[in-house]
There are 2 protein chains.
Amino acid sequence: MALSARPQPRQRGLETAEKVRKAALRLFAASGYAAVSMRDIATQVGVQPGALYNHFPTKQHILKDLMLSHMADLLTAWDTADFPDGTDPIERFVRFHIRYHLERADEVFIAYMELRSLDAENFAFVEAERRRYETILTEILSEGAASGRYHIDNAKVTTRAIIAMLTGIPAWYRPGGDLSKEEIETLYLNMVRKSIAAETKNNPGNPDTGDRMA
Amino acid sequence: MALSARPQPRQRGLETAEKVRKAALRLFAASGYAAVSMRDIATQVGVQPGALYNHFPTKQHILKDLMLSHMADLLTAWDTADFPDGTDPIERFVRFHIRYHLERADEVFIAYMELRSLDAENFAFVEAERRRYETILTEILSEGAASGRYHIDNAKVTTRAIIAMLTGIPAWYRPGGDLSKEEIETLYLNMVRKSIAAETKNNPGNPDTGDRMA
DNA sequence: ACCATATTAATGAACGTTCATTCATTTAGC
DNA sequence: GCTAAATGAATGAACGTTCATTAATATGGT
């Protein structure tokens, strides 16, 4: 069988496939996967509904494309993030996480909210990627605890607590609001640092307070 | 206009309206409002779709009912929560929040995820209720900071950070998992206490670390 | 440089299905 | 027999997807 030359994409302006991704991203983030129709997406792209199927075989494939590329981007961005020498690992992680999640708010929102709209195979894959990301922080915490710089009762739980705290920021942050991104980073970094601090005058040794609710 | 006697509901077993609420709650939490059909709800209730309209005028009204009663329940539960004398306010809030959110995971999940599925009026109402709830914690933090027991840079941001941290628990907690609810409460209470502690040996005075990302 | 051809993408109409909702009628308790 | 609730069938609209056709582009031969 002879090899046939691959024809180039037409590439006038933004490719339609990319427009579809952008439109779907915005619409899914605003209204949710199930509430967005292929007609809605087509309208945003400026094309008839049938044309979408030249680029994605189903609506589900659009969602899968957005979520898988988001997870890959997140992990790649961490691997290639550049910080000044001497920046400690916690600061790196906190600043990176906040910046990435504020810059890619729609992607992050969809990756969290639409997990249940993914079919089983892709769901499992995205969850595994998320665990890889969480493990980055867990290892930072574990190493800091082993060296005595931090006091951490449970590195996995602390990981989830910190990530949940940071991931909540895009839900209320608005550009032009009271706080700049830099101020937010500083506030959260301080809270995170304190929450894992080796010792606290108010809380020497983290006494187990037990369960005293009536 | 004469007052007519209110006929009693038939009350054989669970009322249908209550069954509808329970079924919708479970289905909305599992699949999302937009992905659940009135037929799905009717099937769960064990009734024909048309029968639902004897109890709720539209699908949107079912969601509104669930969300408004959840917010009312949350605030009432806080007002009537009973703790031993001497339990400090932070401990009260952290334990209350965790317990309520683990016991009513579906309601909490829907109240967060389906805000965007509410029409404008009900959206505004739920948001206002949410702010009322957040204010409870903000005032605890502000008073503690004013008295010197806590060091807090920004009470509103700290409120959101703590609530996001705690609200993340139901996303991973599973009964019978590694940690009991009591252990989880203790872990999170310790982290919260440290994060608002007046002083930390590692972090004297919360130095502003500035912005040093490349 | 040019035409013929192969290839890609868009159209516009249609497919069958499912949606929320309505309603005349039947059923069952007071 | 009155009243509230359930049925079962129907409504029109919207859904994801398909497809024959048309338009537009790049490639290969000359």
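Throughout, protein chains are lettered first and strands after them, A, B, ... in sequence-line order, and every chain is numbered starting at 1. What you see is a predicted model; the values in this text were computed from it and never measured.
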Members of residues 16-31 of chain B that approach DNA chain C, where some heavy atom sits under 4.0 Å away: none
Axis deviation across the helix from C:dA1-D:dT30 to C:dG29-D:dC2, five-pair ends, to the nearest 10°: 20°
Cation-pi, A:Tyr33 ring and A:Lys59 (6.0 angstrom, 45 degrees): yes
Would you mind checking if [Y] and [X] are paired as a salt bridge, meaning a charged N to carboxylate O distance below 4.0 Å?
{"X": "B:Glu91", "Y": "B:Arg95", "result": "yes"}
{"X": "A:Lys194", "Y": "B:Asp153", "result": "no"}
{"X": "A:Glu134", "Y": "A:Arg131", "result": "no"}

Atom-pair distance ([atom1] on [X]; [atom2] on [N]), nearest Å:
{"X": "B:Phe56", "N": "D:dA5", "atom1": "CZ", "atom2": "P", "value": "12 Å"}
{"X": "B:Leu52", "N": "D:dA6", "atom1": "CG", "atom2": "P", "value": "9 Å"}
{"X": "B:His55", "N": "D:dT7", "atom1": "NE2", "atom2": "C1'", "value": "12 Å"}

For nucleotides 8-15 of chain D, read 5' to 3', which letter fits each nucleotide if B means a protein heavy atom sits under 4.0 Å from the base, S means only the sugar-phosphate is that close, and - means neither? B------B
Starting at CD of A:Glu114, measure out to CE of A:Met67 and round the result to the nearest 0.5 Å. 7.5 Å
Would you say the ring centers of A:Phe83 and A:Phe93 fall short of 6.0 Å from each other? no
Polar pair under 3.5 Å, donor/acceptor by atom type, side chain B:Asn54, base D:dA6: yes
Between C:dT22, C:dT11, D:dT17, which nucleotide gets closest to the side-chain atoms of B:Tyr53? C:dT22
Is there side-chain contact between B:Ile196 and B:Ile162, with at least one heavy-atom pair below 4.5 Å? yes
Within the distance-only criterion (no hydrogens, no angle test), does the side chain of B:Gln60 pair as donor or acceptor with the backbone N or O of B:Ser117 below 3.5 angstrom? yes
What donor-acceptor contacts under 3.5 angstrom involve side-chain atoms of residues 171-179 of chain A, with partners at least two apart or in another chain?
none

Restricting to side-chain contact (heavy atoms from CB on, under 4.5 Å), what partner residues turn up for B:Ala42, sequence neighbours left out? B:Val47, B:Pro49, B:Leu52
For B:Ala77, side-chain contact (heavy atoms from CB on, under 4.5 Å) partners two or more places apart: B:Phe96, B:Tyr100
